[in-house]
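Beneath this line is the structure, given in structure tokens, with notes to follow.
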Amino acid sequence: MDKELFEAALAARRNAYAPYSKFAVGAAVRTAAGNIFTGCNVENASYGLSCCAERCAIFAAVGAGEREFAALCVVADTKEPVSPCGACRQVMTEFKIPEIILANTNGDVKIYTPQELLPYGFTL
């Protein structure tokens, strides 16, 4: 497992804004150039306006001009490694992130490819 990416995601989780679900999630994405961008979930009273940690991290990287990725780590306080939602799986597929590290705060990890997480995702 990528310990640096895990620690960055764990730290990002502390910034989560989750007053409704009380479910804090952190994510960190490493670009092909080695840069790390983080994100946390941000909820809203109009729940559809919320954004998951994974997409926040990926969108931050894209906003900085990054387009190629090496890995993404997602962390939450769950019994098993956290599972991303369908929207996040589609964004991971769009950006062809080759290694998706799903973890919990205990350090339990499962590693997947986007194809394994979303076998019939939309692609160009």
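Just so it is clear, the model here is predicted, and its values are computed rather than measured.
If you chain together hydrophobic residues whose side chains sit under 4.5 Å apart, Tyr112 and Ile97 fall into the same group. A chain of hydrophobic side-chain contacts below 4.5 Å, direct or via other Ile, Leu, Val, Met, Phe, Trp or Tyr residues, connects Ile58 to Val82. Connection of Val29 to Val42 is not established within any shared hydrophobic cluster, with ILVMFWY side chains joined at heavy-atom distances below 4.5 Å, either directly or through further cluster members.
Residues meeting the side-chain contact (heavy atoms from CB on, under 4.5 Å) test with Cys88, sequence neighbours left out: Cys52, Glu54, Arg55, Pro84, Cys85, Met92. Pro19 pairs by the side-chain contact (heavy atoms from CB on, under 4.5 Å) definition with Tyr17, Glu43, not counting sequence neighbours. Every residue meeting the side-chain contact (heavy atoms from CB on, under 4.5 Å) condition with Ala28, not counting sequence neighbours, appears here in chain and number order: Leu5, Ala8, Ala9, Ile36, Thr38. Listed by chain and number, the residues in a side-chain hydrogen bond (donor to acceptor under 3.5 Å, both in side chains) with Lys3 are Glu7 (sequence neighbours excluded). Ala60 is linked by a side-chain contact (heavy atoms from CB on, under 4.5 Å) to Phe37, counting only residues two or more places apart in sequence or in another chain. For Asn106, the side-chain hydrogen bond (donor to acceptor under 3.5 Å, both in side chains) test picks out no residue, with sequence neighbours left out.
The shortest distance between side-chain heavy atoms of Asn44 and Ser50 falls below 4.5 Å. Inter-residue side-chain proximity for Ile111 and Leu102 is flagged as unmet; no heavy-atom pair is nearer than 4.5 Å.
Closest approach of Gly39 and Ala57 over heavy atoms only: N-CB, 3.6 Å. Leu72 and Val74 make their closest contact through CD2-CG2, 3.9 Å (heavy atoms, listed as atom of the first residue, atom of the second, distance). For Gly107 against Phe6, the heavy-atom pair with the smallest separation is CA-CZ, 4.0 Å. Across all their heavy atoms, Cys40 and Asn15 have their closest contact at SG-O, 3.3 Å. Nearest heavy atom pair, residue Pro98 against residue Ala70, reads CG-O, 3.2 Å. Looking at every heavy atom in both residues, Val25 comes nearest to Asn41 through N-OD1, 2.7 Å.
Counting only residues at least two apart or in different chains, side chain to side chain donor-acceptor pair (under 3.5 Å) contacts with residues 59-72 comprise Asn35-Glu66. For the ring-ring contact (aromatic ring centres under 6.0 Å, His included) condition, the pairs that include at least one residue of residues 38-76, sequence neighbours left out, are Phe69-Phe95. Under the side chain to side chain donor-acceptor pair (under 3.5 Å) criterion, the residue pairs touching residues 93-104 are Asn104-Asp108, with sequence neighbours excluded. For residues 23-40, every residue pair satisfying the salt bridge (Lys or Arg N to Asp or Glu O under 4.0 Å) rule, not counting sequence neighbours, is listed here: Asp2-Arg30, Glu4-Arg30. Applying the side chain to side chain donor-acceptor pair (under 3.5 Å) definition to pairs two or more places apart or across chains, those involving residues 81-91 are Ser83-Arg89.
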Would you tabulate the side-chain donor-acceptor contacts of residues 113-124 under 3.5 Å, counting partners in other chains and residues two or more places apart, or write 'none'?
| residue | atom | partner | partner atom | Å |
| --- | --- | --- | --- | --- |
| Thr113 | OG1 | Glu116 | N | 3.1 |
| Thr113 | OG1 | Glu116 | OE1 | 3.4 |
| Gln115 | NE2 | Pro119 | O | 3.0 |
| Glu116 | OE1 | Thr113 | N | 2.8 |

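Side-chain atoms of Thr78 come within 3.5 Å of backbone atoms of Glu80 as a donor-acceptor pair (strictly under, hydrogens ignored).
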